[in-house]
Amino acid sequence: NRLDVWGNARITGTLTVDGNLTQSTQFLAADGSAAAPSFSFTNDTNTGLFRPGTNALGFATGGTSRLTITAGGNIGIGVTNPVGALQVNGAGAFGYGSIPTSTLPSNGLAVSGNVGIGTTTANSNLSVSGNAHIGSLYQGISAPANGLFVDGNVGIGATTSTNKLDVWGNARITGTL
């Protein structure tokens, strides 16, 4: 070895290591920020890891916080203080290998494949186990068990609906109407 230091050492300026840097205990770094992460890259100093708060970890690109993991284990994408296990701000896509961003819904979700709500076996584009409420007029009212509550008009086989129920085509009703 050309240099052995036992105890504390301070280097003012730049330390360049050609080869591996081995640490036998913790490696302690400054907290950093999204604009200047503690762990960044020579040619991209505003991209890397930083500490946004106590027991939290942040990832930044271009000087902006992009992903946060809180002390409670919540993950935020585009959110710096997620309140749930996963909170996403912005558009998302599932099941697409490659999709142009221009085709994503604004702050929405594009899904290629089946979606299950209340079920793990979604055999249709949308499978709902339990009840569902469509609309926002009567949000204080629960839909019937395994039923559907719709605020507004319903069209079956229709391109427009001006009545509470429009059925275009044949219909079959058994029971009392």
**Request:** Any side chain to side chain donor-acceptor pair (under 3.5 Å) involving residues 108-126? Give me the pairs, sequence neighbours left out, ordered by first then second residue.
**Result:** T119-T121
**Contact summary for A91 and P105, nearest pair of heavy atoms** = CB-O, 3.1 Å
**Asked** Residues two or more places apart in sequence or in another chain: which of them pass side chain to side chain contact (heavy atoms under 4.5 Å, CB included) with L15?
**Response** I11, V17
**Message:** When you measure from the side chain of D166 to the backbone of T162, do you find a donor-acceptor pair of N or O atoms at a distance under 3.5 Å?
**Reply:** yes
**Asked** If every non-hydrogen atom of G32 is compared with every non-hydrogen atom of S38, which pair is closest and at what distance?
**Response** N-OG, 3.1 Å
Please tabulate, for side-chain N and O atoms in residues 22-30, each donor-acceptor pair with protein atoms closer than 3.5 Å (sequence neighbours left out).
residue: Q23; atom: NE2; partner: T25; partner atom: OG1; Å: 3.1
residue: Q23; atom: NE2; partner: Q26; partner atom: O; Å: 3.1

**Asked** Which heavy atom of G58 sits nearest a heavy atom of P52, and at what distance?
**Response** N-CD, 3.4 Å
**Asked** How would you list, by chain and number, every residue that makes a side chain to side chain contact (heavy atoms under 4.5 Å, CB included) with N89, sequence neighbours excluded?
**Response** V79, N107
**Asked** Should side-chain heavy atoms under 4.5 Å link Ile, Leu, Val, Met, Phe, Trp and Tyr, which residues sit in the same cluster as V128?
**Response** F94, L109, V111, V115, I117, L126
**Prompt:** Any idea which heavy atoms bring T68 and P82 closest together, and the distance?
**Reply:** O-CG, 4.4 Å
**Request:** Output all residues satisfying side chain to side chain donor-acceptor pair (under 3.5 Å) with N131, sequence neighbours left out; order by chain, then residue number.
**Result:** none
**G62 backbone acceptor or donor facing T47 side chain under 3.5 Å** = yes
Could you list the donor-acceptor pairs under 3.5 angstrom formed between side-chain atoms of residues 136-146 and any protein atom two or more places apart in sequence or on another chain?
residue: Q139; atom: NE2; partner: G135; partner atom: O; Å: 2.4
residue: N146; atom: OD1; partner: G130; partner atom: N; Å: 3.4

**Request:** Using the side chain to side chain donor-acceptor pair (under 3.5 Å) rule, collect all pairs that involve residues 76-88, keeping only residues at least two apart or in two chains.
**Result:** none
**Request:** I would like to know whether N74 and I69 meet side chain to side chain contact (heavy atoms under 4.5 Å, CB included); could you show each step before the answer?
**Result:** CA-CA 6 Å; N74 293 343; I69 303 172; over 6 Å; no
**Transitive ILVMFWY cluster of I156, excluding itself - 4.5 Å side-chain cut-off** = I134, L148, V150, V154, L165, V167
**Set of residues satisfying side chain to side chain contact (heavy atoms under 4.5 Å, CB included) with respect to S33, sequence neighbours excluded** = A35, A36
**Asked** Could you go step by step and tell me if F59 and I77 meet the side chain to side chain contact (heavy atoms under 4.5 Å, CB included) rule?
**Response** CA-CA 10 Å; F59 295 81; I77 300 174; over 6 Å; no
**Message:** Show me the pairs that pass side chain to side chain donor-acceptor pair (under 3.5 Å) and involve residues 50-63, at least two apart or across chains.
**Reply:** D31-R51, T61-R66
**Request:** Could you list the residues that satisfy side chain to side chain contact (heavy atoms under 4.5 Å, CB included) with A34, not counting sequence neighbours?
**Result:** F50, A60, S65
